[in-house]
Amino acid sequence: MSVEQKWQKYWEENQTFKAEDFSNAPKYYVLMMFPYPSGSKLHMGHCKNYVIGDVISRFKKMQGFNVLHPMGWDAFGLPAENAAIKFNIHPSDWTKNNVKVMTEQLKNIGICYDWTREVTTCEPDYYKWTQWLFLKFLEKGLAYKKKKEANWCPKCMTVTANEEVIEGACWRCKTPVTKKELDQWFFKITDYAERLLTDLKTLKGWPAKVKLMQENWIGKSFGVEINFKVKETGDALPVYTTRIDTIFGVTYLVIAPEHPLVKKLIKGTEYEKKVTEFSAKLKLTSEIDRTSDATKKEGFFIGKHAVNPVNGEAVPIFVANYVLLEYGTGAVMAVPAHDQRDFEFSKEYKLPVKVVIKPADKNLIAEEMTEAFVAEGVQVNSGKFDGLAGKNGLESIADWIDGSGWGKKTVKYKLRDWLISRQRYWGAPIPVIYCDKCGIVPVPEKDLPVELPYNVEFKPTGGTSPLAGVPEFVNVKCPKCGGAGKRETDTMNTFICSSWYFLRYTDPKNRTEAFSAEKAGYWMPVDQYVGGVEHAILHLLYSRFFTKVLFDLGYVKFQEPFTNLFTQGMVLKDGAVMSKSKGNIVLADPLIERYGADTVRGFILFAAPPGKELEWSDQGIEGIHRFLARVQRIVEPNVVNIKNAPVKLDSGALEKEAKDIYRQLNKTVKKVKEDIENDFHFNTAIAALMEFVNCLYAAQVPAAGKAKQDFETVLGYSLKKLILCLAPFMPHMAEENWSSWGNKASIFSAKFPDYDPSCISDENVTIVLQINGKIKDKLTIDINMPEAELRELALQNQKIKEGLAGKAVKNVIIVKNKLVNVVAG
RNA sequence: GCCGGGGUGGCGGAACUGGUAGACGCAAGGGACUUAAAAUCCCUCGAUCUUCAUGGUCAUGAGGGUUCGAUUCCCUCCCCCGGCACCA
């Protein structure tokens, strides 16, 4: 057994990193986004991720925190199922196997989890509570079923949430999604749009980028909903606009072809067939083609007109591919003069263009326009509003319409409800039963979990869940009336499982509750969350939503789950994220075998700051390996000095050589701590430790006497601190050294070094002398030399005198302990 | 198209609030030790000019600007990466 394995076993057997519920020490909850047990062996991408969390957790523990650092498995979901189909093995067996492999791998690289809190989302004792949460949402009216056109991934054979569609394609398999109308379960995340948006402001510890992405996703806009009427039938036809200042420029109206009113308006007319065909065609086009602004605008007149309430004008109604049913009212007023999309459509179909806003400095002639004028300007052809400019025009018209009853000021969000049902096998069953008499009946809490049956032909069919083919699962008694009932056969989106796992870690063994209020209250919110930015919207938005719902239901007392968020940069190989499917992975095992886990950890931390993407290359791993050997070579001959090292040093009494080392030590410790705390700049922290070791090697050892004695004392003292500083990064070698000095307890029960602020600054400092900002000479002076003295010194300097060459000195700028700049001309 | 982030040696990357650009490491070259190799240790290492120095000039994507002084602040442009993508 290697030294590293020895310590890995020690940590496990001694439960060195077990987190205690409730403690006098302050709590610190550090969490890594839990992985899919995909079965791939640990590669450098994973490695970086988990090592970051590991360093934080070890560092915090050494600072005296009661640290919770758990690990678990996001085990439900399509990747597991697809792989299982491919290898012809049951997803459950496949998953369990993978968990075993990955656990082993995480231990190999020396990650310190509290394994007693391990959580696996596909286990009934976990998903029981996922189902329970669903029932709570249902009870609160936050879960509902609706027949709706949804994003459909033809490859995964399931519907999918808006958040899971990336650039018009399924985020997992990259297949372009189409539309399919199905009965689906939704979570009403839109009810929380405003809170999800405003509370972003409270997340001071989140990257601005992530907050911005969520803000854009929620997409709040202010506008007016205005009531047009169909001239021929009198039907109300409301439209939503953010540009009510262009209301007098409306020359036609456009409705989404799927809009329910369209069916009514064309029924029995010559347009009926054309519209039906058009809608069918659109349904089959992928989201990307449908919604790209590069796509040609297509549509046609449907034989009816709409009346503009502000001026009574009747304008033709069109259907077109560029209007979305789901946003706003599914219908828009078209103002070709001031909206680029409408402009393009009007050119295509020869529709009139009416200018109602003109630039401040010139006139605008409709016939001469080559594109829509969308900038702010001055109202024209707008009745009594002519002459008003910019926002003023917009607000005046909005107020006027709001007051007239023709419409009202409205706020809209782009965020849509979260589609949570999936027609796949490997997920938590949705716990409801359908009864002809009682309708949708929730499964009573006492009957949870609704267990996922094992023997299922789980290959996807195409619109129905594989569970529908299991009669003993489907056919049940109605819990309400006892009559014949049928279970819901769709399963839940796995993002539900991962929207609350951080709560389960606080109380993972609880058999009567999802988590106890006390324990969650103690540990939550997560102090430091670490994960990839790819979840900026998906998982992070859903988890915030869940937390707010749980707050409203009274189960938790906080409204945001993650106080600080760190998004680590991914590891790339040949320009792409490492992944098994791309075949560009670099496994950790061979490197660990060759260099040891400490070296691999050290290297990945040293190669780049953790927030930055890293193009993998093992060029340089030797450097860390050499460094560790170098540390060892100076530690070993000094074990006696280390053992004799005093707890505290009096720097005032030290001889020069010793004092220089001591000062350097304090500088180093300060830098290491600051670098770790400042956005986890582990690379520069390690560089500082390297510099310190270089400095120890370069030190002149005094030959004899007190100077020698002092030197040895400080050397022993420093080496001990050095190993303590290295411990979070290279924990195995740190433990090994620590125990070899006779320490019985783990080094992680020791305190991370503090620095002595009284002995940190140099006595001398090198400053530069400049003329007009150009360096002429360098000078070593006493630190904090008075300005007047320094000024004199600079002006008397030979190089400065030469450089001035008789030019007049206009000014002398002195930056303390940094430079003197003589301004001359 | 809109919104973010970024561009520094052969390479990965440093640089506090505007104050010595290139820390630390890799690679490369030279030397010491060794029968030899490995390991280790020492030196050099942005470009360029000259009189080879403890010298000069130029250098942080390009061009301007502010400043005693700019990798850092402002303007214009180029390129790369990420997000959103007909949201009315």
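Each chain gets a letter, A, B and so on, in the order its sequence line appears, and its residues count up from 1.
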Closest to the [X] side chain, choosing from [options]:
{"X": "Asp339(A)", "options": "A88(B), C41(B), G25(B)", "value": "A88(B)"}
{"X": "Trp217(A)", "options": "G19(B), A85(B), A23(B)", "value": "A85(B)"}
{"X": "Met213(A)", "options": "G83(B), G19(B), G13(B)", "value": "G83(B)"}
{"X": "Val768(A)", "options": "C41(B), A14(B), U20(B)", "value": "U20(B)"}
{"X": "Arg630(A)", "options": "C41(B), C24(B), A14(B)", "value": "C41(B)"}
{"X": "Pro609(A)", "options": "A88(B), G25(B), G13(B)", "value": "G13(B)"}
{"X": "Arg626(A)", "options": "U20(B), C26(B), G83(B)", "value": "C26(B)"}
{"X": "Tyr327(A)", "options": "A88(B), C84(B), C24(B)", "value": "A88(B)"}

Check: Thr684(A) side chain, His681(A) main-chain N or O, donor-acceptor pair, under 3.5 Å: yes
Donor-acceptor pair, side chain of Asn683(A) and main chain of Leu605(A), under 3.5 angstrom: no
How close do [X] and [Y] get, heavy atom to heavy atom, and via which atoms?
{"X": "Asp598(A)", "Y": "Met733(A)", "result": "OD2-N, 2.8 Å"}
{"X": "Val55(A)", "Y": "Pro728(A)", "result": "CG2-O, 3.6 Å"}
{"X": "Gly532(A)", "Y": "Gln568(A)", "result": "N-OE1, 3.3 Å"}

How far, in whole Å, is [M] from [N] if one measures between their [atom1] atoms?
{"N": "U44(B)", "M": "U54(B)", "atom1": "P", "answer": "12 Å"}
{"N": "C58(B)", "M": "A53(B)", "atom1": "P", "answer": "22 Å"}
{"N": "U76(B)", "M": "C26(B)", "atom1": "C1'", "answer": "38 Å"}
{"N": "G9(B)", "M": "U60(B)", "atom1": "C1'", "answer": "10 Å"}
{"N": "C16(B)", "M": "A23(B)", "atom1": "C1'", "answer": "14 Å"}
{"N": "C52(B)", "M": "U66(B)", "atom1": "P", "answer": "40 Å"}
{"N": "C42(B)", "M": "C33(B)", "atom1": "P", "answer": "16 Å"}
{"N": "C78(B)", "M": "G63(B)", "atom1": "P", "answer": "15 Å"}

Pairwise 5' ranking along RNA chain B for Gly219(A) and Asp675(A), keeping only the more 5' one: Asp675(A)
Residue met sooner reading RNA chain B from 5', once Val533(A) and Arg243(A) are mapped to nucleotides: Val533(A)
Report the distance from atom [atom1] of [X] to atom [atom2] of [N], rounded to the nearest whole Å.
{"X": "Asn772(A)", "N": "A70(B)", "atom1": "CG", "atom2": "C1'", "answer": "15 Å"}
{"X": "Leu538(A)", "N": "G83(B)", "atom1": "CG", "atom2": "C1'", "answer": "12 Å"}
{"X": "Arg633(A)", "N": "U40(B)", "atom1": "CZ", "atom2": "P", "answer": "6 Å"}
{"X": "Lys667(A)", "N": "C16(B)", "atom1": "NZ", "atom2": "C1'", "answer": "14 Å"}
{"X": "Glu164(A)", "N": "C84(B)", "atom1": "CD", "atom2": "P", "answer": "13 Å"}
{"X": "Trp616(A)", "N": "C26(B)", "atom1": "CH2", "atom2": "C1'", "answer": "13 Å"}
{"X": "Glu622(A)", "N": "A38(B)", "atom1": "CD", "atom2": "C1'", "answer": "12 Å"}
{"X": "Leu769(A)", "N": "G55(B)", "atom1": "CG", "atom2": "P", "answer": "13 Å"}

Cation-aromatic face contact Lys409(A)/Phe222(A), 6.0 Å, 45 degrees: no
Ring-face cation of Lys148(A) near Phe186(A) (centre distance under 6.0 Å, axis angle within 45°): yes
Salt bridge (Lys or Arg N to Asp or Glu O under 4.0 Å) contacts touching residues 599-617 of chain A (sequence neighbours left out): Asp54(A)-Arg601(A)
Short N/O separations, protein against nucleotides 2-12 of chain B, under 3.5 angstrom:
{"from": "G12(B)", "atom 1": "O2'", "to": "Ala607(A)", "atom 2": "O", "distance (Å)": "2.5"}

With heavy atoms under 4.0 Å as the rule, sort [X] into base, sugar-phosphate or nothing.
{"X": "Gln770(A)", "result": "base"}
{"X": "Ile775(A)", "result": "sugar-phosphate"}
{"X": "Asn683(A)", "result": "sugar-phosphate"}
{"X": "Asn694(A)", "result": "sugar-phosphate"}
{"X": "Ser221(A)", "result": "sugar-phosphate"}

Glu348(A) with Lys297(A): basic N within carboxylate O range, under 4.0 Å: no
Residues Glu674(A) and Lys670(A) bridged, charged N to O under 4.0 Å: yes
Anti/syn call for G9(B), syn if |chi| within 90°: syn
Partner of Phe300(A) by ring pair (Phe, Tyr, Trp, His ring centres under 6.0 Å), out of Phe278(A), Phe318(A), Tyr252(A): Phe278(A)
side-chain N/O Lys774(A) vs C58(B) OP1/OP2, d < 4.0 Å: yes
Polar contact flag, side-chain donor to acceptor under 3.5 angstrom, Tyr595(A)-Asp618(A): no
Pairing stems for RNA chain B [at least three consecutive pairs; Watson-Crick or G-U; under 3.5 angstrom]: B:1-7 with B:78-84, B:10-12 with B:24-26, B:28-32 with B:40-44, B:46-49 with B:55-58, B:61-65 with B:73-77
